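Taking it in order: structure first as structure tokens, then the write-up.
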Amino acid sequence: MHKQAIFAAGLLTISVTACGSAEKPEVVEQIVVREPGSAEVVAPEAPTPSAGALDLVALGEDAFQTCTGCHSVAPDGRSAAGPNLYGVIGRKAGSLAGYSYSDAFAASEVVWDEASLDGFLADPTGYIPGSEMMAGAVPDEQAREAIIAYLSAQSDNASGQ
Ligand code: HEC
């Protein structure tokens with residue numbers, strides 16, 4: 001958790017640097033002064049205390065684009081080539097009703113949390129030998145962390161972060 005917080009702060013720094021030129025406060029001020037009526041359009045969004053966490057989730061959403069060919073995270077529970085991943089944190093591996101898992105998954109005792117998802121995404125067939133998830137390995141640790149933050153947010157239990 002602690003590590004994740006540090007990582008989130010690092011990402012925030014990177015993204016602020018990357019798009020800083022578009023968000024320079026003095027530019028916003030100029031527009032507000034000239035066109036008071038449009039202030040509501042150009043008003044900068046107030047940074048929230050959890051901006052770092054939101055940023056991590058946003059990065060995870062981007063990284064998750066490599067998964068959407070096989071996985072949906074929609075709350076409707078619909079599966080594609082891979083099982084639906086809405087609310088996957090806290091779920092036992094291979095337990096989504098209506099999806100036909102490999103024998104290896106069906107027999108697995110793994111419960112998905114940050115640690116097990118990290119291990120699985122690093123090496124899906126190594127973590128659950130016999131897994132039929134043949135694509136979607138995420139070698140980059142920071143990308144895994146972001147994806148897991150994103151998946152954590154796709155849940156009824158998401159703590160409104
Ligand atoms: C080529 C299709 C494909 C891609 C791409 C893919 N997956 Fe999968 N995924 C699967 C399949 C198939 C399974 C079920 C494996 C089995 O039954 O052995 C699975 C299972 C999973 C599970 C376990 C779900 C459960 O109900 O136990 C998680 C978590 C998961 N994938 C996450 C991801 C993430 C995150 C990505 C992107 C980084 C990804 N997958 C990319 C096909 C894919």
Side-chain angles (χ1 to χ4, degrees), residues 1-23 45-161:
M1 230 27 205
H2 183 60
K3 201 173 111 216
Q4 188 168 343
I6 292 171
F7 172 60
L11 284 174
L12 187 62
T13 312
I14 293 163
S15 69
V16 166
T17 313
C19 56
S21 58
E23 291 175 1
E45 287 186 20
T48 63
S50 59
L54 285 174
D55 213 49
L56 190 62
V57 169
L59 279 169
E61 183 172 12
D62 283 349
F64 190 76
Q65 298 312 305
T66 60
C67 324
T68 53
C70 296
H71 291 286
S72 162
V73 285
D76 63 10
R78 223 161 5 112
S79 296
N84 182 286
L85 296 180
Y86 184 80
V88 74
I89 306 269
R91 192 161 96 193
K92 191 171 162 298
S95 67
L96 185 71
Y99 179 81
S100 178
Y101 291 93
S102 62
D103 292 346
F105 250 72
S108 171
E109 294 298 322
V110 167
V111 173
W112 296 125
D113 59 14
E114 286 175 18
S116 56
L117 277 173
D118 188 68
F120 175 67
L121 292 178
D123 181 8
T125 48
Y127 195 79
I128 300 189
S131 163
E132 286 170 2
M133 182 162 134
M134 295 306 178
V138 184
D140 184 78
E141 186 185 344
Q142 299 190 337
R144 289 200 302 275
E145 211 157 0
I147 287 174
I148 292 165
Y150 173 65
L151 287 176
S152 306
Q154 311 308 310
S155 156
D156 291 342
N157 302 323
S159 54
Q161 20 171 349

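Atoms within each ligand, like the ligands themselves, are counted from 1 in listed order. Note that these values count all heavy atoms, side chains included, but never hydrogens, waters or copies made by symmetry. For clarity, every value in this text was computed on a predicted model and none was experimentally measured.
- Not a single donor-acceptor pair under 3.5 Å links the side chain of T125 to the backbone N or O of S131.
- The side chain of I147, and not its backbone, has at least one atom closer than 4.0 Å to an atom of ligand 1 (non-hydrogen atoms only; side chain from C-beta on).
- For ligand 1, one of its N or O atoms has an N or O atom of G94 under 3.5 Å away.
- Interface of S131 with ligand 1, defined as ligand atoms under 4.0 Å from a residue heavy atom, comprises 18 (O).
- Put simply, the side chain of S72 does not reach to within 4.5 Å of the side chain of Y86, judged on heavy atoms.
- Between F105 and W112, the two ring planes are tilted [angle within 30° to 60°].
- Atoms of ligand 1 found under 4.0 Å from any heavy atom of L117 (numbered from 1 in listed order, with element): 29 (C).
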Would you check, one step at a time, whether the test side chain to side chain contact (heavy atoms under 4.5 Å, CB included) holds for L96 with R91?
-> CA-CA 8 Å; L96 185 71; R91 192 161 96 193; 3.7 Å; yes

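- Using a 4.0 Å cut-off to heavy atoms of A81, the atoms of ligand 1 that qualify are 12 (C).
- Comparing R91, H71, E132, M134 by heavy-atom distance to atom 10 (C) of ligand 1, the nearest is H71.
- Close approach of ligand 1 to C70 (heavy-atom distance below 4.0 Å) involves ligand atoms 1 (C), 2 (C), 3 (C), 4 (C), 5 (C), 42 (C), 43 (C).
- Of all the atoms in ligand 1, the ones that sit under 4.0 Å from a non-hydrogen atom of L121 are 32 (C), 33 (C), 34 (C), 35 (C).
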Derivation of the side chain to side chain contact (heavy atoms under 4.5 Å, CB included) call for L121 and M133 | CA-CA 10 Å; L121 292 178; M133 182 162 134; 4.2 Å; yes

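- Taking atom 22 (C) of ligand 1 as the reference point, the nearest protein heavy-atom neighbour is F120 CE2, 3.6 Å.
- The minimum heavy-atom distance linking I148 with D118 is given by the pair CD1-N, 3.6 Å.
- Here the protein heavy atom with the shortest distance to atom 34 (C) of ligand 1 is C67 SG, 3.5 Å.
- Near S102, meaning under 4.0 Å from one of its heavy atoms, ligand 1 places the atoms 16 (C), 17 (O), 18 (O).
- For atom 12 (C) of ligand 1, the candidate residues are Y150, F105, Y99; the nearest heavy-atom contact is made by Y99.
- Put simply, CG on L56 and CD on E145 are 6.5 Å apart, with the number rounded to the nearest 0.5 Å.
- What you find for V111 and S116 is that their closest heavy atoms are O-OG, 2.7 Å.
- Here the heavy atom of the protein found nearest to atom 26 (O) of ligand 1 is Y101 OH, 2.5 Å.
- Of the protein's non-hydrogen atoms, P83 CD, 3.5 Å is the one closest to atom 13 (C) of ligand 1.
- Aromatic ring pairs are classed by plane angle as parallel below 30°, tilted from 30° to 60° and perpendicular above 60°; the pair Y150 and F64 is tilted.
- Each of the atoms 38 (C) of ligand 1 lies under 4.0 Å from some heavy atom of V138.
- With M133, K92, Q65 as candidates, the residue nearest to atom 42 (C) of ligand 1 on a non-hydrogen basis is M133.
- The nearest protein atom to atom 32 (C) of ligand 1, hydrogens excluded, is given as L85 CD1, 3.6 Å; this is a heavy-atom distance.
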Steps toward side chain to side chain contact (heavy atoms under 4.5 Å, CB included) verdict (D76, N84) = CA-CA 9 Å; D76 63 10; N84 182 286; 4.0 Å; yes

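- In this structure, T66 counts as a contact residue of ligand 1, since one of its heavy atoms falls inside 4.0 Å of the ligand.
- Heavy-atom contacts from other residues, nucleotides or ligands closer than 6.0 Å to CG of D103 number 12 or fewer.
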